[in-house]
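Every chain is numbered from 1, with letters handed out A, B, ... down the list of sequences.
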Amino acid sequence: MANALPRNADVAAQFDLLADLMELEGADRFRVSSYRSAASRIRETGSSVAQLALDGRAKELQGIGKTIEGKIVEIVEDGEIHALSKRKDVVPGDVALFMRLPGLGAKTAARIWHELGVTTLDELRAAAEQQRLRDLGGLGAKTEERILKALNDTAEAEPFRPLLGDALPALLAVVEVLREHPASDQVSDAGSARRRKETIRDLDIIATASDPPALIDYFTSLRWVVEIAAKGDTKATVVSNDGYRFDLRVVPPESYGNLLQHFTGSKEHNLALREAAVRRKLSVSEYGVTETESGTVHTHATEEELYRFLGYDWIPPELRENCGELEAARAHELPALVELDDIRGDLHSHSTWSDGKETLEVMARAAKARGYAYLAITDHGERLREGRAEEQWAEVDALNERLKPFRIVKGVEVGIRADGGLALGDEALAGFEWVIASLHTSFDRNPTERVLAAIENPNVHMIGHLTARKLNIRSGADIDIERVVEKAVETGTFLEINAQPNRLDLRDTHARVAGEAGVKIPVSTDSHQLSALGHMPIGVAQARRAWLTKEQVLNTRTWKQIERLRKR
DNA sequence: GCCGTTTTCGGCCCGACTGTTTTCAGTCG
């Protein structure tokens, strides 16, 4: 196997660090922000940016030009950006960490370093404790306190971000409750949760109201509120008993569109939107759009009006990541994204025949009650040896007779072993109607090669949760998405979006690469219990973030249609 | 350093908050 190329996340980290070090040196702020925006573009790109740079094609990405492409090649060839290696020799290691402390930026960090000679976090703590920071003009007691608090918080820092699948139902429930209050008019979720990003920090709500203080009062007195972090006439922040921070902003109805758009983000989307507007002599803010020359301010009651005023079609929140949606919206070429109602069945689930909590019948009836036409039961192949598969099929046949026209599909999920083989032999697999192959172990052992071998197996219809990542727990196998997608297209193998809240795997960027290449993508829940069937909406949201249409999502079809698309 | 429906040069989002200040720089989202 060839030397693995650096991952996008590692490439991005080098540019972020380079930006930090240059900012500490007082470099031109636009150069610094170029590196930052390149880092974020690299992080959000599905395919290997290192490979793109080697092919001379990284320049095609927004915000990456000749210079940065060259620096990516330096990473591939020498392990590190040359300019970064050079600066690391100049700037003491911890000084860049000063900047990570909240409220402490490059300017202050550089002054602490240069004027006090403080170069480590320990020295910084000592300087704050000994009240030496206030010797610097512009810094006072408050700053010292804040730094000490930040240093203590960092010690127990958890990188944990709540999962969309956990937080979204809570958010939507609060939106619903606020909608029902007599003082409210329009209420919407906003922020990264509205964009259905896989993890979130705060839960944002935007509302208009006939009586804003009444709505704020109601919001802060809901029974699950355990802390009111802030409360004013138009804005409040509360913490719920399950630890989520909810932010409610009540805004004037005439600029509801402007504010909802602003607070939905993303930052990158808004930045690009505003830069494009500036070129046309318009200044966009959360309060409206100002004509720079005349000073005339236009407000918009809806997002549709705002986007139309700026020359765009309305952009679904899931697409607002500055990954081509603005250009597409201007050209009226946005895709018609798949919707939850398009889903006709679930192709990945477990029962008590393996590690599921519910019987086959309970799972099937629940799927039927959701309005599905079919459910693939895909218990682990390791548990269906020695005649147990045939026993399960007899039960399936009997149930199908009773539940028709609903259909339980005779499926199986087989592990891809460390040696690249599958947990069941070809003869056993051939008996199933629907075969999923998934990585469950040894994620570091040639994961791409093993997945490619599974894809080449004529009995395997779909690869489950491609990277096997677990959000907040492990980053998942380092899969060469390009090669996997190419092989999947060639063989007619499907690549799943697994809707489990801590998987969402394919991730959005990988699913987009796969979809563009022509892979059909099933969205499935991998349910091990009844409630998990309810994760379909976040799986569909993930598909929407990947720009997928109904046509590109496999299980918007009847089972008969899927049978015809399935490889032989 | 990037980028172009006024530009291959000369620009580069916008506003709120904070702390330390008498008018603003730095930081943040």
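Using a 4.0 Å cutoff on non-hydrogen atoms, the parts of residues 129-144 of chain A near DNA chain B are A:G138, A:L139, A:G140, A:A141, A:K142, A:T143, ordered by number.
Checked for salt-bridge contact, A:E60 and A:R57 meet the test: a charged N lies under 4.0 Å from a carboxylate O. Under the 4.0 Å criterion applied to side-chain N and carboxylate O atoms, A:R320 and A:E303 are assigned as salt-bridge partners. A salt bridge links A:R36 with A:E23: at least one charged nitrogen is closer than 4.0 Å to a carboxylate oxygen.
Atom NE2 of A:H269 and atom P of B:dC14 are 15 Å apart (whole Å). Between the CG atom of A:D247 and the C1' atom of B:dC17 there is a distance of 14 Å, rounded to whole Å. Atom CG in A:N258 sits roughly 13 Å away from atom C1' in B:dC14 (whole-Å rounding). For A:K235 and B:dG15, the NZ to C1' distance is 12 Å, given to the nearest whole Å. Atoms CD (A:E268) and P (B:dG29) sit 13 Å apart, rounded to a whole Å.
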Detail all sub-3.5 Å separations between protein N/O atoms and N/O atoms belonging to nucleotides 25-28 of chain B.
unit_1: B:dG26; atom_1: O3'; unit_2: A:T108; atom_2: OG1; d: 3.4
unit_1: B:dT27; atom_1: OP1; unit_2: A:G105; atom_2: N; d: 2.5
unit_1: B:dT27; atom_1: OP1; unit_2: A:G105; atom_2: O; d: 3.0
unit_1: B:dT27; atom_1: OP1; unit_2: A:T108; atom_2: N; d: 3.3
unit_1: B:dT27; atom_1: OP1; unit_2: A:T108; atom_2: OG1; d: 2.8
unit_1: B:dT27; atom_1: OP2; unit_2: A:K107; atom_2: N; d: 3.4
unit_1: B:dT27; atom_1: O5'; unit_2: A:G105; atom_2: N; d: 3.4
unit_1: B:dC28; atom_1: OP1; unit_2: A:G103; atom_2: N; d: 2.6

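For A:R7, the CZ atom sits in a packed shell: over 12 heavy atoms of surrounding residues, nucleotides or ligands are nearer than 6.0 Å.
Using cut-offs of 30° and 60° on the angle between ring planes, the pair A:H300 and A:F309 is tilted.
Place A:H262 and A:Y287 on DNA chain B by their nearest nucleotides, and A:Y287 ends up nearer the 5' end.
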task = Produce a footprint string for nucleotides 1-13 of chain B: one letter per nucleotide, 5' end first; B if the base is under 4.0 Å from any protein heavy atom, S if only the sugar-phosphate is, - if neither.
result = BSS--B-----BB
